[in-house]
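As the structure lists them, so they are numbered: ligands from 1, and atoms in each ligand from 1.
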Amino acid sequence: MKSLLVRFFLFSLVIAACSIAVTAWLASQATTGAIRQEQGEALETDAAIVDELVGYAATHRDWSGAKGTADEIARKYDRRIALADRTGRKLVDTGNENSPQLPITPRAVVDPLNVNGEIDRRAVGPFKLTDEEHRLLHAYSAQLSECNRYITIVDAPNGRPRLSNDQPGNLSKWEDCTVGDRLYTLTATETAAYEELQALFTKCLAAQEGEPSIVDKPPSRVMLDWDVLMVRDSPPDVVSCMDTARREQLEPYVAEPVQLFLTQVTGDEPRPIDLSTTGATRITLVALGILAIAGFASWVTATQLVRPIRALTAATKRTAEGDRTARVDGGAGEIGELAKSFNAMSEKLAETERQRQAMVSDVAHELRTPLGNITGWLEATQDGLAEPDPHLIGILLEESLLLQRLVDDLHDLAQADAGTLRLHPEPIALDDVVEQVVTAQQNREVLLRAETTPVHITADPVRLRQALGNLVANAVRYTAPGGEVVVKLFREQDNAVLEVTDTGTGIAPEDVPHVFDRFWRADKSRSRRTGGSGLGLAITRHLVEAHGGTVSVTSALGEGSTFRISLPA
Ligand code: ADP
(Lines give C-alpha, C1' and ligand atoms only; values in the text may rest on other atoms or scores of the structure.)
Protein backbone atom coordinates (compact mmCIF):
# COMPACT_ATOMS: atom_id res chain seq x y z
CA MET A 1 0.00 0.00 0.00
CA LYS A 2 2.95 2.31 0.62
CA SER A 3 4.26 2.04 -2.91
CA LEU A 4 3.74 5.20 -4.93
CA LEU A 5 2.96 3.12 -7.99
CA VAL A 6 0.34 1.04 -6.19
CA ARG A 7 -1.24 4.10 -4.64
CA PHE A 8 -1.41 5.89 -7.98
CA PHE A 9 -2.82 2.79 -9.62
CA LEU A 10 -5.48 2.15 -6.97
CA PHE A 11 -6.46 5.79 -6.84
CA SER A 12 -6.91 6.02 -10.62
CA LEU A 13 -8.83 2.75 -10.54
CA VAL A 14 -11.25 4.03 -7.89
CA ILE A 15 -11.82 7.33 -9.68
CA ALA A 16 -12.38 5.56 -12.99
CA ALA A 17 -14.77 3.05 -11.43
CA CYS A 18 -16.79 5.82 -9.75
CA SER A 19 -16.97 7.84 -12.95
CA ILE A 20 -18.05 4.85 -15.02
CA ALA A 21 -20.66 3.80 -12.47
CA VAL A 22 -22.14 7.26 -12.15
CA THR A 23 -22.09 7.86 -15.89
CA ALA A 24 -23.82 4.55 -16.53
CA TRP A 25 -26.37 5.25 -13.84
CA LEU A 26 -27.07 8.76 -15.16
CA ALA A 27 -27.34 7.51 -18.73
CA SER A 28 -29.78 4.76 -17.82
CA GLN A 29 -31.81 7.13 -15.66
CA ALA A 30 -31.97 9.75 -18.38
CA THR A 31 -32.86 7.25 -21.09
CA THR A 32 -35.51 5.51 -19.02
CA GLY A 33 -37.01 8.83 -18.06
CA ALA A 34 -37.04 10.13 -21.60
CA ILE A 35 -38.51 6.94 -23.03
CA ARG A 36 -41.15 6.76 -20.33
CA GLN A 37 -42.10 10.38 -20.92
CA GLU A 38 -42.18 9.89 -24.67
CA GLN A 39 -44.28 6.75 -24.39
CA GLY A 40 -46.61 8.43 -21.91
CA GLU A 41 -47.12 11.35 -24.27
CA ALA A 42 -47.78 9.02 -27.19
CA LEU A 43 -50.29 6.95 -25.22
CA GLU A 44 -52.09 10.04 -23.98
CA THR A 45 -52.33 11.42 -27.51
CA ASP A 46 -53.63 8.13 -28.88
CA ALA A 47 -56.23 7.88 -26.11
CA ALA A 48 -57.41 11.44 -26.81
CA ILE A 49 -57.74 10.72 -30.56
CA VAL A 50 -59.73 7.54 -29.90
CA ASP A 51 -62.01 9.39 -27.51
CA GLU A 52 -62.76 12.17 -30.00
CA LEU A 53 -63.50 9.64 -32.73
CA VAL A 54 -65.75 7.64 -30.42
CA GLY A 55 -67.57 10.90 -29.66
CA TYR A 56 -68.11 11.42 -33.37
CA ALA A 57 -69.32 7.83 -33.89
CA ALA A 58 -71.72 8.10 -30.94
CA THR A 59 -73.47 11.09 -32.45
CA HIS A 60 -73.44 10.18 -36.16
CA ARG A 61 -75.17 7.38 -38.04
CA ASP A 62 -72.22 6.74 -40.37
CA TRP A 63 -68.72 7.92 -41.27
CA SER A 64 -69.58 9.53 -44.57
CA GLY A 65 -69.15 13.06 -43.26
CA ALA A 66 -66.28 12.32 -40.93
CA LYS A 67 -63.41 13.57 -43.09
CA GLY A 68 -63.58 17.16 -41.80
CA THR A 69 -63.68 16.12 -38.17
CA ALA A 70 -60.85 13.60 -38.70
CA ASP A 71 -58.72 16.26 -40.43
CA GLU A 72 -59.27 18.57 -37.51
CA ILE A 73 -58.30 15.92 -34.96
CA ALA A 74 -55.27 14.89 -37.03
CA ARG A 75 -54.08 18.48 -37.18
CA LYS A 76 -54.66 18.98 -33.49
CA TYR A 77 -52.54 15.97 -32.45
CA ASP A 78 -50.12 16.06 -35.38
CA ARG A 79 -50.96 12.52 -36.46
CA ARG A 80 -52.24 10.90 -39.58
CA ILE A 81 -55.57 9.19 -38.95
CA ALA A 82 -56.99 6.43 -41.10
CA LEU A 83 -60.26 4.57 -40.51
CA ALA A 84 -61.25 1.30 -42.15
CA ASP A 85 -64.38 -0.84 -41.84
CA ARG A 86 -64.40 -4.52 -40.89
CA THR A 87 -63.60 -5.58 -44.45
CA GLY A 88 -60.56 -3.34 -44.52
CA ARG A 89 -62.12 -0.73 -46.81
CA LYS A 90 -60.68 2.68 -46.10
CA LEU A 91 -63.41 5.09 -44.99
CA VAL A 92 -61.37 8.08 -43.96
CA ASP A 93 -57.66 8.91 -44.35
CA THR A 94 -56.15 12.24 -43.39
CA GLY A 95 -52.79 11.29 -44.93
CA ASN A 96 -51.44 12.26 -48.35
CA GLU A 97 -48.88 10.79 -50.75
CA ASN A 98 -46.04 11.63 -48.29
CA SER A 99 -47.61 9.62 -45.51
CA PRO A 100 -46.02 6.30 -44.59
CA GLN A 101 -47.66 2.92 -45.11
CA LEU A 102 -50.40 2.05 -42.70
CA PRO A 103 -49.43 -0.51 -40.07
CA ILE A 104 -50.91 -4.02 -40.37
CA THR A 105 -52.58 -4.01 -36.99
CA PRO A 106 -54.95 -1.17 -36.11
CA ARG A 107 -54.17 1.05 -33.15
CA ALA A 108 -57.72 0.58 -31.78
CA VAL A 109 -61.31 -0.20 -32.78
CA VAL A 110 -63.59 2.80 -32.61
CA ASP A 111 -66.98 1.49 -31.42
CA PRO A 112 -69.22 3.75 -29.35
CA LEU A 113 -71.22 0.75 -28.14
CA ASN A 114 -68.13 -1.01 -26.85
CA VAL A 115 -65.61 1.24 -25.22
CA ASN A 116 -63.77 -1.18 -22.96
CA GLY A 117 -67.05 -3.12 -22.66
CA GLU A 118 -69.16 -0.07 -21.89
CA ILE A 119 -71.51 1.98 -24.02
CA ASP A 120 -70.19 5.46 -24.59
CA ARG A 121 -72.18 8.05 -22.68
CA ARG A 122 -72.52 10.23 -25.74
CA ALA A 123 -74.48 7.53 -27.63
CA VAL A 124 -78.04 8.59 -26.83
CA GLY A 125 -79.88 7.58 -30.00
CA PRO A 126 -83.68 7.91 -29.67
CA PHE A 127 -83.30 9.52 -26.24
CA LYS A 128 -82.11 12.72 -27.85
CA LEU A 129 -84.56 15.46 -27.03
CA THR A 130 -86.23 17.41 -29.78
CA ASP A 131 -85.43 21.10 -29.98
CA GLU A 132 -88.83 21.93 -28.57
CA GLU A 133 -88.42 19.63 -25.57
CA HIS A 134 -84.92 20.93 -25.02
CA ARG A 135 -86.12 24.51 -24.93
CA LEU A 136 -88.98 23.70 -22.56
CA LEU A 137 -86.85 21.74 -20.10
CA HIS A 138 -84.26 24.47 -20.03
CA ALA A 139 -86.91 26.98 -19.20
CA TYR A 140 -87.89 24.79 -16.23
CA SER A 141 -84.30 24.39 -15.14
CA ALA A 142 -83.84 28.14 -15.26
CA GLN A 143 -86.84 28.50 -12.93
CA LEU A 144 -85.43 25.84 -10.66
CA SER A 145 -82.13 27.64 -10.42
CA GLU A 146 -84.01 30.80 -9.45
CA CYS A 147 -85.96 28.88 -6.79
CA ASN A 148 -82.79 27.49 -5.31
CA ARG A 149 -79.64 29.25 -6.26
CA TYR A 150 -77.39 26.70 -4.56
CA ILE A 151 -78.04 23.97 -7.10
CA THR A 152 -76.08 23.45 -10.31
CA ILE A 153 -77.77 22.28 -13.47
CA VAL A 154 -75.82 20.35 -16.09
CA ASP A 155 -76.86 18.87 -19.44
CA ALA A 156 -77.03 15.10 -19.79
CA PRO A 157 -75.71 13.80 -23.12
CA ASN A 158 -79.23 13.70 -24.60
CA GLY A 159 -79.69 17.40 -23.89
CA ARG A 160 -81.76 17.04 -20.73
CA PRO A 161 -80.83 19.44 -17.94
CA ARG A 162 -80.40 17.79 -14.56
CA LEU A 163 -78.86 18.28 -11.17
CA SER A 164 -75.16 18.00 -11.01
CA ASN A 165 -74.17 14.67 -9.57
CA ASP A 166 -72.15 16.10 -6.75
CA GLN A 167 -75.14 17.68 -5.03
CA PRO A 168 -77.05 14.80 -3.51
CA GLY A 169 -77.90 16.81 -0.37
CA ASN A 170 -79.93 19.28 -2.36
CA LEU A 171 -82.70 16.87 -3.24
CA SER A 172 -85.17 18.16 -0.63
CA LYS A 173 -84.52 21.72 -1.65
CA TRP A 174 -85.52 21.32 -5.27
CA GLU A 175 -88.50 19.17 -4.28
CA ASP A 176 -89.91 22.27 -2.64
CA CYS A 177 -89.86 23.93 -5.99
CA THR A 178 -92.93 23.06 -7.99
CA VAL A 179 -91.02 23.09 -11.27
CA GLY A 180 -88.94 20.14 -10.06
CA ASP A 181 -91.62 17.64 -10.91
CA ARG A 182 -92.21 19.08 -14.31
CA LEU A 183 -88.50 19.16 -15.08
CA TYR A 184 -88.11 15.55 -14.17
CA THR A 185 -91.14 14.23 -16.01
CA LEU A 186 -90.18 12.24 -19.06
CA THR A 187 -90.69 13.95 -22.39
CA ALA A 188 -92.57 12.25 -25.18
CA THR A 189 -89.29 11.39 -26.92
CA GLU A 190 -87.85 9.80 -23.81
CA THR A 191 -91.03 7.88 -23.02
CA ALA A 192 -91.07 6.45 -26.51
CA ALA A 193 -87.41 5.52 -26.27
CA TYR A 194 -87.85 3.92 -22.88
CA GLU A 195 -90.81 1.92 -24.12
CA GLU A 196 -88.82 0.70 -27.07
CA LEU A 197 -85.96 -0.24 -24.77
CA GLN A 198 -88.36 -1.99 -22.42
CA ALA A 199 -89.71 -4.06 -25.27
CA LEU A 200 -86.25 -5.10 -26.43
CA PHE A 201 -85.26 -5.85 -22.86
CA THR A 202 -88.31 -8.00 -22.18
CA LYS A 203 -87.75 -9.85 -25.43
CA CYS A 204 -84.19 -10.59 -24.41
CA LEU A 205 -85.25 -11.81 -20.98
CA ALA A 206 -87.96 -13.99 -22.50
CA ALA A 207 -85.45 -15.54 -24.81
CA GLN A 208 -83.35 -16.57 -21.83
CA GLU A 209 -83.99 -19.81 -20.02
CA GLY A 210 -85.61 -20.05 -16.61
CA GLU A 211 -87.82 -17.57 -14.74
CA PRO A 212 -87.46 -14.11 -16.23
CA SER A 213 -86.56 -11.63 -13.56
CA ILE A 214 -89.19 -9.18 -12.47
CA VAL A 215 -88.32 -5.77 -13.84
CA ASP A 216 -90.04 -2.48 -13.20
CA LYS A 217 -91.85 -0.64 -15.84
CA PRO A 218 -89.82 2.22 -17.32
CA PRO A 219 -89.56 4.93 -14.70
CA SER A 220 -91.97 7.80 -14.88
CA ARG A 221 -89.19 10.06 -13.78
CA VAL A 222 -85.73 10.12 -15.23
CA MET A 223 -83.11 8.29 -13.19
CA LEU A 224 -80.65 10.62 -11.62
CA ASP A 225 -77.73 8.92 -13.24
CA TRP A 226 -78.03 8.65 -16.97
CA ASP A 227 -75.61 5.69 -17.16
CA VAL A 228 -77.42 3.50 -14.73
CA LEU A 229 -80.56 2.38 -16.32
CA MET A 230 -82.56 0.61 -13.63
CA VAL A 231 -80.65 -2.61 -13.42
CA ARG A 232 -77.41 -1.92 -11.63
CA ASP A 233 -77.90 -4.34 -8.74
CA SER A 234 -79.85 -6.94 -10.71
CA PRO A 235 -78.66 -10.48 -11.46
CA PRO A 236 -76.05 -10.82 -14.24
CA ASP A 237 -78.49 -12.09 -16.89
CA VAL A 238 -80.67 -9.05 -16.35
CA VAL A 239 -77.71 -6.72 -16.62
CA SER A 240 -76.51 -8.39 -19.81
CA CYS A 241 -80.03 -8.26 -21.27
CA MET A 242 -80.22 -4.55 -20.55
CA ASP A 243 -76.88 -4.07 -22.27
CA THR A 244 -78.00 -6.10 -25.26
CA ALA A 245 -81.26 -4.18 -25.44
CA ARG A 246 -79.49 -0.84 -25.25
CA ARG A 247 -76.99 -1.79 -27.93
CA GLU A 248 -79.79 -3.08 -30.16
CA GLN A 249 -81.71 0.12 -29.70
CA LEU A 250 -78.74 2.43 -30.27
CA GLU A 251 -77.19 0.58 -33.15
CA PRO A 252 -79.08 2.36 -35.96
CA TYR A 253 -78.19 5.73 -34.43
CA VAL A 254 -74.40 5.32 -34.19
CA ALA A 255 -71.70 4.90 -36.81
CA GLU A 256 -70.47 1.39 -37.47
CA PRO A 257 -67.36 0.17 -35.61
CA VAL A 258 -64.16 0.96 -37.53
CA GLN A 259 -60.49 0.16 -37.22
CA LEU A 260 -58.31 3.08 -36.41
CA PHE A 261 -54.77 3.37 -37.80
CA LEU A 262 -52.39 6.01 -36.55
CA THR A 263 -49.04 6.96 -38.08
CA GLN A 264 -46.74 9.93 -38.31
CA VAL A 265 -47.93 12.62 -40.67
CA THR A 266 -44.95 12.23 -43.03
CA GLY A 267 -42.80 9.22 -43.78
CA ASP A 268 -39.80 10.64 -42.01
CA GLU A 269 -38.05 8.73 -39.31
CA PRO A 270 -39.95 8.85 -36.07
CA ARG A 271 -38.91 11.80 -33.96
CA PRO A 272 -35.77 10.76 -32.05
CA ILE A 273 -36.01 10.67 -28.33
CA ASP A 274 -34.48 13.84 -27.00
CA LEU A 275 -32.27 13.14 -24.02
CA SER A 276 -30.57 16.49 -23.95
CA THR A 277 -32.96 18.17 -21.61
CA THR A 278 -34.00 15.16 -19.58
CA GLY A 279 -32.84 15.69 -16.06
CA ALA A 280 -30.25 18.17 -17.26
CA THR A 281 -30.19 19.81 -13.86
CA ARG A 282 -29.80 16.49 -12.08
CA ILE A 283 -27.03 15.38 -14.41
CA THR A 284 -25.26 18.68 -13.91
CA LEU A 285 -25.58 18.44 -10.13
CA VAL A 286 -24.41 14.83 -9.98
CA ALA A 287 -21.51 15.60 -12.34
CA LEU A 288 -20.52 18.57 -10.19
CA GLY A 289 -20.80 16.41 -7.08
CA ILE A 290 -18.57 13.71 -8.58
CA LEU A 291 -16.15 16.39 -9.72
CA ALA A 292 -16.04 17.81 -6.22
CA ILE A 293 -15.50 14.39 -4.61
CA ALA A 294 -12.85 13.41 -7.16
CA GLY A 295 -11.17 16.79 -6.75
CA PHE A 296 -11.14 16.44 -2.99
CA ALA A 297 -9.78 12.88 -3.12
CA SER A 298 -7.13 13.96 -5.63
CA TRP A 299 -6.16 16.85 -3.43
CA VAL A 300 -5.81 14.67 -0.34
CA THR A 301 -3.82 12.00 -2.19
CA ALA A 302 -1.64 14.51 -3.98
CA THR A 303 -0.89 16.31 -0.72
CA GLN A 304 0.15 13.05 0.89
CA LEU A 305 2.31 12.16 -2.07
CA VAL A 306 3.88 15.57 -2.32
CA ARG A 307 4.69 16.03 1.39
CA PRO A 308 7.84 13.82 1.46
CA ILE A 309 8.91 15.25 -1.91
CA ARG A 310 8.69 18.75 -0.45
CA ALA A 311 10.71 17.63 2.57
CA LEU A 312 13.30 16.16 0.21
CA THR A 313 13.45 19.37 -1.80
CA ALA A 314 13.96 21.45 1.36
CA ALA A 315 16.69 19.08 2.58
CA THR A 316 18.41 19.20 -0.82
CA LYS A 317 18.37 23.00 -0.72
CA ARG A 318 19.90 23.02 2.76
CA THR A 319 22.56 20.57 1.61
CA ALA A 320 23.32 22.73 -1.42
CA GLU A 321 23.73 25.70 0.91
CA GLY A 322 26.36 23.76 2.85
CA ASP A 323 24.31 22.29 5.70
CA ARG A 324 25.52 18.67 6.03
CA THR A 325 23.04 17.79 8.81
CA ALA A 326 19.91 17.82 6.61
CA ARG A 327 18.09 14.44 6.83
CA VAL A 328 14.62 13.36 5.55
CA ASP A 329 12.10 10.88 6.88
CA GLY A 330 10.40 9.69 3.69
CA GLY A 331 8.46 6.72 5.11
CA ALA A 332 8.21 3.56 3.02
CA GLY A 333 7.86 3.06 -0.73
CA GLU A 334 9.72 4.68 -3.59
CA ILE A 335 9.97 8.09 -1.97
CA GLY A 336 11.15 6.42 1.24
CA GLU A 337 13.92 4.76 -0.76
CA LEU A 338 14.82 8.09 -2.29
CA ALA A 339 14.91 9.69 1.16
CA LYS A 340 17.16 6.86 2.44
CA SER A 341 19.52 7.34 -0.50
CA PHE A 342 19.54 11.06 0.14
CA ASN A 343 20.35 10.52 3.82
CA ALA A 344 23.16 8.13 2.90
CA MET A 345 24.49 10.65 0.42
CA SER A 346 24.36 13.44 3.02
CA GLU A 347 26.18 11.19 5.49
CA LYS A 348 28.86 10.42 2.95
CA LEU A 349 29.15 14.07 2.03
CA ALA A 350 29.57 15.06 5.68
CA GLU A 351 32.16 12.31 6.15
CA THR A 352 34.10 13.45 3.07
CA GLU A 353 33.91 17.00 4.29
CA ARG A 354 35.30 15.97 7.68
CA GLN A 355 38.10 13.99 6.01
CA ARG A 356 38.99 16.88 3.75
CA GLN A 357 39.18 19.32 6.65
CA ALA A 358 41.24 16.87 8.71
CA MET A 359 43.50 16.22 5.74
CA VAL A 360 44.18 19.90 5.11
CA SER A 361 44.93 20.54 8.76
CA ASP A 362 47.14 17.42 8.97
CA VAL A 363 49.05 18.37 5.86
CA ALA A 364 49.60 21.90 7.20
CA HIS A 365 50.75 20.41 10.48
CA GLU A 366 53.16 18.00 8.81
CA LEU A 367 54.64 20.69 6.61
CA ARG A 368 55.04 23.21 9.39
CA THR A 369 57.80 21.41 11.38
CA PRO A 370 60.37 20.69 8.64
CA LEU A 371 59.71 24.10 7.05
CA GLY A 372 60.09 25.75 10.46
CA ASN A 373 63.40 23.95 11.00
CA ILE A 374 64.73 24.93 7.59
CA THR A 375 63.65 28.57 8.08
CA GLY A 376 65.17 28.63 11.59
CA TRP A 377 68.55 27.33 10.43
CA LEU A 378 68.69 29.64 7.43
CA GLU A 379 67.83 32.70 9.58
CA ALA A 380 70.48 31.72 12.11
CA THR A 381 73.03 31.45 9.30
CA GLN A 382 71.95 34.81 7.90
CA ASP A 383 72.36 36.41 11.33
CA GLY A 384 75.84 34.85 11.61
CA LEU A 385 74.79 32.64 14.54
CA ALA A 386 75.47 29.40 12.65
CA GLU A 387 78.12 28.46 10.15
CA PRO A 388 76.98 27.00 6.85
CA ASP A 389 79.24 24.01 7.42
CA PRO A 390 78.69 20.48 6.06
CA HIS A 391 76.87 19.50 9.28
CA LEU A 392 74.27 22.26 8.85
CA ILE A 393 73.84 21.44 5.19
CA GLY A 394 73.30 17.80 6.19
CA ILE A 395 70.52 18.85 8.59
CA LEU A 396 68.88 21.05 5.96
CA LEU A 397 69.07 18.26 3.36
CA GLU A 398 67.47 15.81 5.76
CA GLU A 399 64.60 18.23 6.40
CA SER A 400 64.05 18.83 2.69
CA LEU A 401 64.15 15.08 1.99
CA LEU A 402 61.46 14.65 4.64
CA LEU A 403 59.38 17.29 2.86
CA GLN A 404 60.04 15.56 -0.44
CA ARG A 405 58.85 12.21 0.96
CA LEU A 406 55.73 13.79 2.43
CA VAL A 407 54.86 15.46 -0.86
CA ASP A 408 55.43 12.18 -2.73
CA ASP A 409 53.18 10.34 -0.31
CA LEU A 410 50.47 12.97 -0.65
CA HIS A 411 50.77 12.77 -4.41
CA ASP A 412 50.32 8.98 -4.31
CA LEU A 413 47.28 9.31 -2.10
CA ALA A 414 45.78 12.03 -4.27
CA GLN A 415 46.25 9.79 -7.30
CA ALA A 416 44.64 6.88 -5.48
CA ASP A 417 41.71 9.08 -4.46
CA ALA A 418 41.25 10.42 -7.96
CA GLY A 419 41.50 6.90 -9.38
CA THR A 420 44.46 7.88 -11.55
CA LEU A 421 46.98 5.65 -9.77
CA ARG A 422 48.49 3.84 -12.76
CA LEU A 423 49.77 0.25 -12.35
CA HIS A 424 52.13 -1.42 -14.81
CA PRO A 425 51.50 -5.10 -14.18
CA GLU A 426 53.87 -7.75 -15.50
CA PRO A 427 54.64 -11.37 -14.57
CA ILE A 428 56.97 -11.26 -11.57
CA ALA A 429 58.52 -13.59 -9.04
CA LEU A 430 57.27 -12.38 -5.63
CA ASP A 431 60.24 -13.93 -3.81
CA ASP A 432 62.53 -11.55 -5.75
CA VAL A 433 60.49 -8.58 -4.52
CA VAL A 434 60.75 -9.81 -0.91
CA GLU A 435 64.49 -10.33 -1.34
CA GLN A 436 64.99 -6.80 -2.65
CA VAL A 437 62.98 -5.20 0.18
CA VAL A 438 64.70 -7.20 2.92
CA THR A 439 68.11 -6.36 1.49
CA ALA A 440 67.28 -2.66 1.28
CA GLN A 441 66.02 -2.48 4.89
CA GLN A 442 68.85 -4.39 6.54
CA ASN A 443 70.36 -2.72 9.58
CA ARG A 444 72.52 -3.65 12.50
CA GLU A 445 70.01 -3.29 15.34
CA VAL A 446 67.15 -5.60 14.29
CA LEU A 447 67.39 -9.07 12.84
CA LEU A 448 65.52 -8.95 9.52
CA ARG A 449 65.10 -12.17 7.52
CA ALA A 450 62.90 -13.65 4.81
CA GLU A 451 61.16 -17.06 4.55
CA THR A 452 59.96 -17.48 0.99
CA THR A 453 58.63 -20.08 -1.40
CA PRO A 454 58.67 -19.31 -5.14
CA VAL A 455 55.43 -17.55 -6.08
CA HIS A 456 54.74 -15.98 -9.48
CA ILE A 457 51.98 -13.46 -10.07
CA THR A 458 51.16 -10.61 -12.40
CA ALA A 459 51.62 -7.28 -10.63
CA ASP A 460 53.39 -3.91 -10.69
CA PRO A 461 56.81 -4.69 -9.08
CA VAL A 462 57.59 -1.08 -8.21
CA ARG A 463 54.29 -0.50 -6.39
CA LEU A 464 54.50 -3.86 -4.61
CA ARG A 465 58.01 -3.02 -3.40
CA GLN A 466 56.65 0.28 -2.10
CA ALA A 467 53.76 -1.42 -0.25
CA LEU A 468 55.90 -4.16 1.30
CA GLY A 469 58.69 -1.66 2.00
CA ASN A 470 56.31 0.45 4.11
CA LEU A 471 55.35 -2.59 6.22
CA VAL A 472 58.96 -3.73 6.70
CA ALA A 473 60.11 -0.17 7.49
CA ASN A 474 57.39 0.15 10.13
CA ALA A 475 58.26 -3.27 11.60
CA VAL A 476 61.92 -2.34 11.87
CA ARG A 477 61.07 1.12 13.22
CA TYR A 478 58.76 -0.11 15.99
CA THR A 479 60.97 -3.01 17.05
CA ALA A 480 63.52 -2.40 19.76
CA PRO A 481 67.19 -3.27 19.04
CA GLY A 482 67.71 -7.00 19.38
CA GLY A 483 64.19 -7.76 18.13
CA GLU A 484 63.36 -9.72 15.04
CA VAL A 485 61.41 -9.08 11.88
CA VAL A 486 60.42 -11.97 9.60
CA VAL A 487 58.97 -11.55 6.11
CA LYS A 488 57.15 -14.69 4.92
CA LEU A 489 55.89 -15.46 1.42
CA PHE A 490 53.65 -18.43 0.75
CA ARG A 491 50.61 -19.58 -1.19
CA GLU A 492 47.28 -19.99 0.45
CA GLN A 493 44.62 -21.43 -1.86
CA ASP A 494 44.44 -19.02 -4.82
CA ASN A 495 46.26 -16.23 -3.02
CA ALA A 496 49.82 -15.18 -2.60
CA VAL A 497 50.36 -14.11 1.02
CA LEU A 498 53.06 -11.76 2.34
CA GLU A 499 53.37 -11.63 6.12
CA VAL A 500 55.56 -9.16 8.05
CA THR A 501 55.89 -10.24 11.68
CA ASP A 502 57.83 -8.26 14.25
CA THR A 503 58.59 -8.58 17.96
CA GLY A 504 58.08 -4.85 18.46
CA THR A 505 55.80 -2.63 20.52
CA GLY A 506 52.56 -3.98 19.15
CA ILE A 507 49.40 -1.94 18.72
CA ALA A 508 46.68 -1.42 21.33
CA PRO A 509 43.43 -3.22 20.38
CA GLU A 510 41.47 0.07 20.27
CA ASP A 511 44.07 1.50 17.83
CA VAL A 512 44.06 -1.45 15.43
CA PRO A 513 41.06 -0.20 13.38
CA HIS A 514 42.83 3.15 12.80
CA VAL A 515 46.32 2.14 11.70
CA PHE A 516 45.39 2.38 8.01
CA ASP A 517 43.87 5.88 8.40
CA ARG A 518 45.74 8.86 7.00
CA PHE A 519 47.97 10.78 9.38
CA TRP A 520 47.11 8.44 12.19
CA ARG A 521 49.82 7.60 14.68
CA ALA A 522 49.56 5.60 17.87
CA ASP A 523 51.96 7.87 19.61
CA LYS A 524 50.90 11.42 18.75
CA SER A 525 53.95 12.96 20.40
CA ARG A 526 56.45 10.83 18.47
CA SER A 527 58.37 12.96 16.06
CA ARG A 528 58.25 12.49 12.34
CA ARG A 529 61.81 11.40 12.43
CA THR A 530 61.01 8.27 14.33
CA GLY A 531 57.33 7.92 13.65
CA GLY A 532 57.06 8.86 10.00
CA SER A 533 54.26 10.90 8.43
CA GLY A 534 51.35 8.58 9.27
CA LEU A 535 50.61 8.09 5.55
CA GLY A 536 52.61 4.89 4.97
CA LEU A 537 49.92 2.33 5.86
CA ALA A 538 47.21 4.34 4.06
CA ILE A 539 49.31 4.24 0.88
CA THR A 540 50.05 0.53 1.35
CA ARG A 541 46.36 -0.25 1.61
CA HIS A 542 45.59 1.75 -1.56
CA LEU A 543 48.36 -0.02 -3.51
CA VAL A 544 47.28 -3.49 -2.37
CA GLU A 545 43.63 -2.79 -3.13
CA ALA A 546 44.61 -1.47 -6.56
CA HIS A 547 46.06 -4.96 -7.16
CA GLY A 548 42.75 -6.54 -6.09
CA GLY A 549 44.21 -7.70 -2.79
CA THR A 550 43.62 -7.01 0.93
CA VAL A 551 45.81 -5.97 3.82
CA SER A 552 45.12 -6.69 7.49
CA VAL A 553 46.86 -6.62 10.85
CA THR A 554 46.86 -8.67 14.05
CA SER A 555 48.76 -7.32 16.99
CA ALA A 556 49.31 -7.73 20.73
CA LEU A 557 50.59 -4.78 22.73
CA GLY A 558 54.16 -5.38 23.91
CA GLU A 559 54.52 -8.63 21.94
CA GLY A 560 54.59 -7.54 18.31
CA SER A 561 52.44 -7.28 15.21
CA THR A 562 51.78 -9.19 12.02
CA PHE A 563 50.80 -7.31 8.87
CA ARG A 564 49.45 -9.53 6.12
CA ILE A 565 49.06 -8.75 2.42
CA SER A 566 46.94 -11.17 0.42
CA LEU A 567 47.10 -10.90 -3.40
CA PRO A 568 45.15 -12.88 -5.97
CA ALA A 569 47.65 -15.17 -7.64
P1 ADP B 1 54.10 6.20 10.25
O2 ADP B 1 54.80 6.95 9.19
O3 ADP B 1 53.76 7.02 11.45
O4 ADP B 1 54.69 4.89 10.55
P5 ADP B 1 52.12 4.53 9.18
O6 ADP B 1 50.88 4.82 8.42
O7 ADP B 1 53.10 3.70 8.51
O8 ADP B 1 52.70 5.93 9.60
O9 ADP B 1 51.70 3.91 10.52
C10 ADP B 1 50.69 4.48 11.28
C11 ADP B 1 50.85 4.14 12.76
O12 ADP B 1 50.60 2.75 12.98
C13 ADP B 1 52.20 4.36 13.28
O14 ADP B 1 52.39 5.67 13.73
C15 ADP B 1 52.28 3.38 14.44
O16 ADP B 1 51.76 3.95 15.60
C17 ADP B 1 51.42 2.27 13.99
N18 ADP B 1 52.21 1.15 13.48
C19 ADP B 1 52.44 0.86 12.18
N20 ADP B 1 53.19 -0.26 12.03
C21 ADP B 1 53.44 -0.71 13.30
C22 ADP B 1 54.16 -1.84 13.85
N23 ADP B 1 54.77 -2.73 13.06
N24 ADP B 1 54.20 -1.96 15.20
C25 ADP B 1 53.59 -1.08 15.99
N26 ADP B 1 52.90 -0.01 15.54
C27 ADP B 1 52.81 0.17 14.21
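In terms of polar-atom proximity, G506 is not counted as a contact of ligand 1, lacking any N or O under 3.5 Å from an N or O of the ligand. Inclusion of L537 in the set of residues having an N or O under 3.5 Å from an N or O of ligand 1 is warranted.
Residue G534 has at least one heavy-atom neighbour below 4.0 Å for each of these atoms of ligand 1: 1 (P), 2 (O), 3 (O), 6 (O), 8 (O). Listed by number with element, the atoms of ligand 1 under 4.0 Å from a non-hydrogen atom of T505 are 25 (C).
Using a 3.5 Å distance cut-off with no hydrogens or angles, the side chains of R463 and Q466 do pair a donor with an acceptor.
If you check each of D517, V512, I507, D502 against atom 26 (N) of ligand 1, the one with the closest non-hydrogen atom is I507.
Distances from ligand 1 to the non-hydrogen atoms of S561 include at least one value under 4.0 Å. Heavy-atom distances between F563 and ligand 1 reach below 4.0 Å in at least one pair. Judged by the shortest distance from any of its heavy atoms, N470 lies outside the 4.0 Å radius around the atoms of ligand 1. Using a non-hydrogen distance threshold of 4.0 Å, R477 registers as a contact of ligand 1.
For T562 (side chain) and V553 (main-chain N/O), no donor-acceptor pair under 3.5 Å exists by modelled atom type.
The pair K348-E351 does not meet the salt-bridge criterion, since no charged nitrogen lies less than 4.0 angstrom from a carboxylate oxygen. A salt bridge is absent between D362 and R518: the closest approach of a Lys/Arg side-chain nitrogen to an acidic carboxylate oxygen does not fall below 4.0 angstrom.
Here the closest heavy-atom approach between residue V472 and residue V487 is recorded as CG2-CG2, 3.9 Å. Contact between I309 and I335 at its shortest, heavy atoms only, is CG1-CD1, 3.4 Å.
With sequence neighbours left out, the salt bridge (charged side-chain N to carboxylate O under 4.0 Å, His left out) criterion links E337 to K340.
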